[in-house]
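See below for the structure under consideration.
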Number of protein chains: 2
Amino acid sequence: MDPRLDRDTSNCSIARTLEIVGEKWTILILREVWYGSSRFSDFERVLGCPRNLLAARLRMLVEEGILTTETYKEPGSRSRPKYVITPKGMDLVPAVMGLLHWGDRYRADPEGPAVLARHRACGAHVDIQIRCERGHPVQAEDIESVPGPAFRMKSAE
Amino acid sequence: MDPRLDRDTSNCSIARTLEIVGEKWTILILREVWYGSSRFSDFERVLGCPRNLLAARLRMLVEEGILTTETYKEPGSRSRPKYVITPKGMDLVPAVMGLLHWGDRYRADPEGPAVLARHRACGAHVDIQIRCERGHPVQAEDIESVPGPAFRMKSAE
DNA sequence: TAGCTGAGTATATGAAAGTAAACTCAGAGT
DNA sequence: ACTCTGAGTTTACTTTCATATACTCAGCTA
């Protein structure tokens, strides 16, 4: 990965993921879904996010298959839509756990984090780790990035 | 974590992390640092990002202690600054690996990813996993979020 | 049938981001 | 002394994004 090479970065998986979840509010909406919110008004109240953006982000997350809509019915009210996470959305958990853990470490209040992630089965604190296919824990420094099958160079302009 | 509760989310670690790395270009700059770039012109060329934004992002990353500046000297030229990652910056690797992995899975080209992450020692592919303190692998569905020491409710307005 | 409520849409305004080009600045080479 | 280069800064303009507020709409209840 010589930095002087003119790599074509248009098919970068990080950039492509950020195209979807990199806009303001998107990850925070997903956070609230994980914490149990599902209704438009819940997101609005807890996030304090403008309604038109909330509507736009929810629509996009549904289009991308990260959320899906179901209906709920409060007694005495009509059916309304709610937003639930899909398996594709659950697969974003590790990335967001990474952000959470970094914030806990470097930007938390003196008394500690606001939210703790626990293993439901045993109650122990959960964290993310990097491992290689053989199961060895890997330090970030020991990761080597190499060109993959879709690696491309910039074509001459 | 009842969604109807008026939680105060101003001290959320995810939101605080996004305040730093959530702006456009920031994570892509870090990606290039991991891939080996360190000079202003390298970032500019490979990212195609406007110079004023690149300068602003680099300044912010240095202020936050995620990057630090050193100098390099090309023979026949004067010393110039270069940007290198700090341990605090390396601690963002798991989060970005999460984004990379998700993109590889859901948004890669048909032939596969553009970049592969390998364990330098054994050459095996690396990935991120969620584990509890006792070392058990944890599925995203088995994570429970509970109020932590800095949990707060919204004060009455 | 009039009002209430949750889930939006529409509109206006301001703040960032993108684009492009000119300009600065320090020092090494000639 | 003059030029060249990498690393920026500055300015000007356009476009997209974000915010705030007002408005709509469907259906349940009174």
Side-chain angles (χ1 to χ4, degrees), chain A residues 2-6 9-10 15 18-29 32-33 36-64 67-84 157, chain B residues 2-6 9-10 15 18-30 32-33 36-63 67-84 157:
Chain A
D2 187 327
R4 319 248 85 173
L5 288 179
D6 255 345
T9 54
S10 65
L18 290 174
E19 280 166 23
I20 299 179
V21 300
E23 286 171 305
K24 208 165 191 170
W25 301 113
T26 307
I27 285 186
L28 300 179
I29 291 168
E32 289 308 314
V33 174
S37 296
S38 63
R39 303 176 188 183
F40 193 90
S41 54
D42 291 341
F43 298 126
E44 188 195 357
R45 181 168 32 76
V46 77
L47 295 175
C49 144
R51 296 214 260 254
N52 54 352
L53 286 189
L54 178 55
R57 296 293 178 270
L58 288 170
R59 192 182 317 120
M60 194 268 295
L61 287 167
V62 169
E63 273 167 20
E64 291 294 333
L67 299 180
T68 188
T69 45
E70 297 181 0
T71 55
Y72 74 96
K73 188 168 180 326
E74 207 70 25
S77 294
R78 69 195 177 94
S79 299
R80 297 179 192 283
K82 67 173 183 175
Y83 297 89
V84 298
E157 289 109 61
Chain B
D2 187 327
R4 318 248 85 175
L5 288 180
D6 253 345
T9 54
S10 65
L18 290 174
E19 281 167 21
I20 299 179
V21 301
E23 286 173 304
K24 209 164 192 169
W25 299 114
T26 307
I27 286 187
L28 300 179
I29 291 168
L30 292 177
E32 289 309 313
V33 174
S37 296
S38 63
R39 304 175 187 183
F40 194 92
S41 55
D42 291 342
F43 297 125
E44 189 195 356
R45 181 168 31 76
V46 78
L47 294 175
C49 144
R51 277 131 92 127
N52 51 357
L53 288 189
L54 178 55
R57 296 293 178 272
L58 287 170
R59 191 182 316 121
M60 194 268 296
L61 287 167
V62 169
E63 273 167 19
L67 298 181
T68 189
T69 45
E70 297 180 1
T71 55
Y72 74 95
K73 190 170 180 322
E74 207 71 24
S77 294
R78 68 193 178 97
S79 301
R80 298 179 191 282
K82 67 173 183 176
Y83 297 89
V84 298
E157 291 110 63

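None of these values were measured; they are calculated from a predicted model. Each chain gets a letter, A, B and so on, in the order its sequence line appears, and its residues count up from 1. Worth knowing before you read on, the calculation uses all heavy atoms, side chains too, and leaves out hydrogens, waters and symmetry mates.
Shown here for A/S37 and A/F43, the closest heavy-atom pair between the two residues is CB-CE2, 3.7 Å. When all heavy atoms of A/M60 and A/I20 are compared, the closest pair comes out as CE-O, 3.2 Å. Minimum interatomic distance between A/W25 and A/G48 (heavy atoms only, all atoms of both residues): CH2-O, 4.2 Å. B/K82 approaches B/T71 most closely through the heavy-atom pair CE-O, 4.3 Å.
Atom P of nucleotide C/dA7 and atom CZ of A/R57 are separated by 19 Å, given to the nearest angstrom. A/L58 places its CG atom 14 Å from the C1' atom of C/dG6, with the value rounded to the nearest Å. Atom-to-atom, CD of B/E19 to P of D/dA18 comes out at 15 Å; the value is rounded to the nearest Å. A/L54 places its CG atom 8 Å from the P atom of C/dG8, with the value rounded to the nearest Å. With rounding to whole Å, B/I29 atom CD1 is found 12 Å from D/dG8 atom P. Summarising the geometry, the separation between CD on A/E44 and P on C/dT9 is reported as 13 Å, rounded to the nearest angstrom. Put simply, CG on A/L18 is 17 Å from C1' on D/dC17, counting in whole angstrom units. For the pair A/L47 CG and D/dA20 C1', the computed distance is 17 Å after rounding to whole Å.
The side chain of A/R39 contributes no N or O atom lying less than 4.0 Å from OP1 or OP2 of C/dT5. Between B/W25 and the phosphate of C/dA16, there is no side-chain N or O to OP1/OP2 separation shorter than 4.0 Å. Residue B/Y72 places at least one side-chain N or O closer than 4.0 Å to OP1 or OP2 of D/dA7. Within the structure, a side-chain polar atom (N or O) of A/R59 is placed less than 4.0 Å from OP1 or OP2 of C/dT9. One finds a side-chain N or O of B/S41 lying less than 4.0 angstrom from the OP1 or OP2 phosphate oxygen of D/dA7.
Along DNA chain D, the nucleotide closest to B/S77 and the one closest to A/K73 are compared, and the more 5′ of them pairs with B/S77. Ranked by how close their nearest DNA chain D nucleotide is to the 5' end, A/S79 and A/E23 are led by A/E23.
Of the candidate nucleotides D/dT19, C/dA17, D/dG8, D/dG8 has the atom nearest to the side chain of B/P81. If you check C/dA17, C/dA7, D/dT19 against the side chain of B/K24, the one that comes closest is C/dA17. Looking at the side chain of B/A55, the nearest of the listed nucleotides D/dG8, D/dA18, C/dG8 is D/dG8. When distances are taken from the side chain of B/R78 to each of D/dC28, C/dA26, C/dG8, the shortest belongs to C/dA26. Considering only the side chain of B/R51, D/dT9 comes nearest among D/dA20, C/dG8, D/dT9.
For D/dT5, its base sits under 3.5 Å from the side chain of B/R80 at one donor and acceptor pair at least. With hydrogens and angles left out, the side chain of B/N52 and the base of D/dT10 share no donor-acceptor pair within 3.5 Å.
Among the atoms of the strands shown, none is found under 4.0 Å from any heavy atom of B/R45. B/L53 comes within 4.0 angstrom of sugar-phosphate atoms only, judged by non-hydrogen atoms across all strands, and of no base.
B/R51 places no side-chain N or O within donor-acceptor distance of the main-chain N or O of B/F40, the cut-off being under 3.5 Å.
How far OG1 of A/T26 is from CG of A/L18: 10.5 Å, rounded to the nearest 0.5 Å.
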